[in-house]
Amino acid sequence: MNREEVRTYVNQYCKLRDVQFAAYELYARKHNLTAKELFVLDLIWFAEDGCLQSEICERLSATKQTVSAIIKKFWKLGYISLTEAENDRRNKIVRFTDAGRKYTKNIIPPAANAEIAAMAELSEKNIVELVRLTTVFSGCMKKKFEEIEMVKREAEK
């Protein structure tokens with residue numbers, strides 16, 4: 001396939017990705033949240049024993065500052081508690097308080113159910129293929145963007 005044909009598919013894919021992200025963004029806004037805040041709540045909701053701030057950063061590819069600001073917002077609202085991790089006191093375990101669980105139960109489970117229902121409309125074969133291809137494409141994207149950074153660093157030397 002030539003470059004222009006590939007570019008056409010890239011544009012189509014980007015539009016689809018944007019539709020997915022817009023769905024999260026619109027849903028988040030209905031709850032006076034940003035998509036990143038929604039994703040943080042989601043990660044905490046499904047982490048039965050809480051999760052480390054560093055895990056949230058890694059999973060969302062977000063900076064420590066971004067995640068800290070989100071965590072601080074929810075902490076000030078009384079929705080989460082922070083506990084020092086045993087092996088690294090600088091890293092905090094994030095858990096919901098009772099108020100946080102009450103607040104989040106009307107946001108995250110319906111969103112998770114919508115994701116499951118949407119995926120369930122595909123056949124098992126298509127689900128497996130979607131996940132397989134997305135995994136391959138995501139790996140390629142990560143690699144290619146890392147290569148850009150390597151080239152930039154080399155050029156700066």
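Remember, predicted model here, so these are calculated numbers, not experimental data. FYI, side chains are in, hydrogens and waters are out, and symmetry mates aren't considered; it's all heavy atoms of this structure.
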Could you pull out the closest heavy-atom pair between Lys36 and Leu60, with the gap in Å?
NZ-O, 3.7 Å
Which heavy-atom pair separates Arg95 from Gly50 by the least distance, and what is that distance?
CG-CA, 3.7 Å
Less than 4.5 Å apart, any side-chain heavy atom of Lys64 and any of Gln53?
no
Minimal non-hydrogen separation, Lys105 against Lys102, with atom names:
CG-O, 3.3 Å
So, Thr66 and Thr63: side-chain donor and acceptor under 3.5 Å apart, yes or no?
yes
Over 12 non-hydrogen atoms of neighbours within 6.0 angstrom of CZ in Arg17
yes
CZ (Phe46) with more than 12 external heavy atoms under 6.0 Å:
yes
Please indicate whether Glu5 has more than 12 foreign heavy atoms, meaning atoms of other residues, nucleotides or ligands, lying under 6.0 Å from its CD.
yes
Within-4.5 Å side-chain heavy-atom neighbours: Leu52 and Lys92:
no
Heavy-atom side-chain proximity of Trp75 to Leu82 below 4.5 angstrom:
yes
Side chain to side chain, Cys51 and Ile93, heavy atoms closer than 4.5 Å:
no
Does any part of the side chain of Tyr79, heavy atoms only, come nearer than 4.5 Å to the side chain of Leu41, both counted from C-beta?
no
Counting neighbours of CG on Asp49 that are heavy atoms of other residues, nucleotides or ligands and sit closer than 6.0 Å, is the number greater than 12?
no
Is the number of heavy atoms from other residues, nucleotides or ligands within 6.0 Å of CD (Glu86) greater than 12?
no
Looking at Lys142 and Glu146, is there a salt bridge between them, counting it only when a charged N and a carboxylate O are closer than 4.0 Å?
yes
What is the minimum heavy-atom distance between Trp45 and Thr104, and which atoms define it?
CE3-CG2, 3.6 Å
Any carboxylate oxygen within less than 4.0 angstrom of a Lys/Arg side-chain nitrogen, looking at Glu129 and Arg132?
yes
Would you check if His31 and Leu38 make a side-chain contact, meaning some heavy-atom pair closer than 4.5 Å?
no
So do Val40 and Val94 actually touch side chain to side chain, heavy atoms under 4.5 Å?
no
In terms of heavy-atom contacts, does CD of Glu124 have more than 12 from other residues, nucleotides or ligands at under 6.0 Å?
no
Nearest heavy-atom pair of Ala99 and Gly78: which atoms, and what distance?
CB-O, 3.8 Å
Counting only heavy atoms not in Glu115 (residues, nucleotides, ligands), do more than 12 fall under 6.0 Å from its CD?
yes
Correct closest heavy-atom pair for Ala28 and Ala35 would be CB-N, 3.8 Å
Do the side chains of Tyr103 and Phe96 get nearer than 4.5 Å, heavy atoms only?
no
Tell me whether Asp98 at atom CG has more than 12 heavy atoms from other residues, nucleotides or ligands lying less than 6.0 Å away.
no
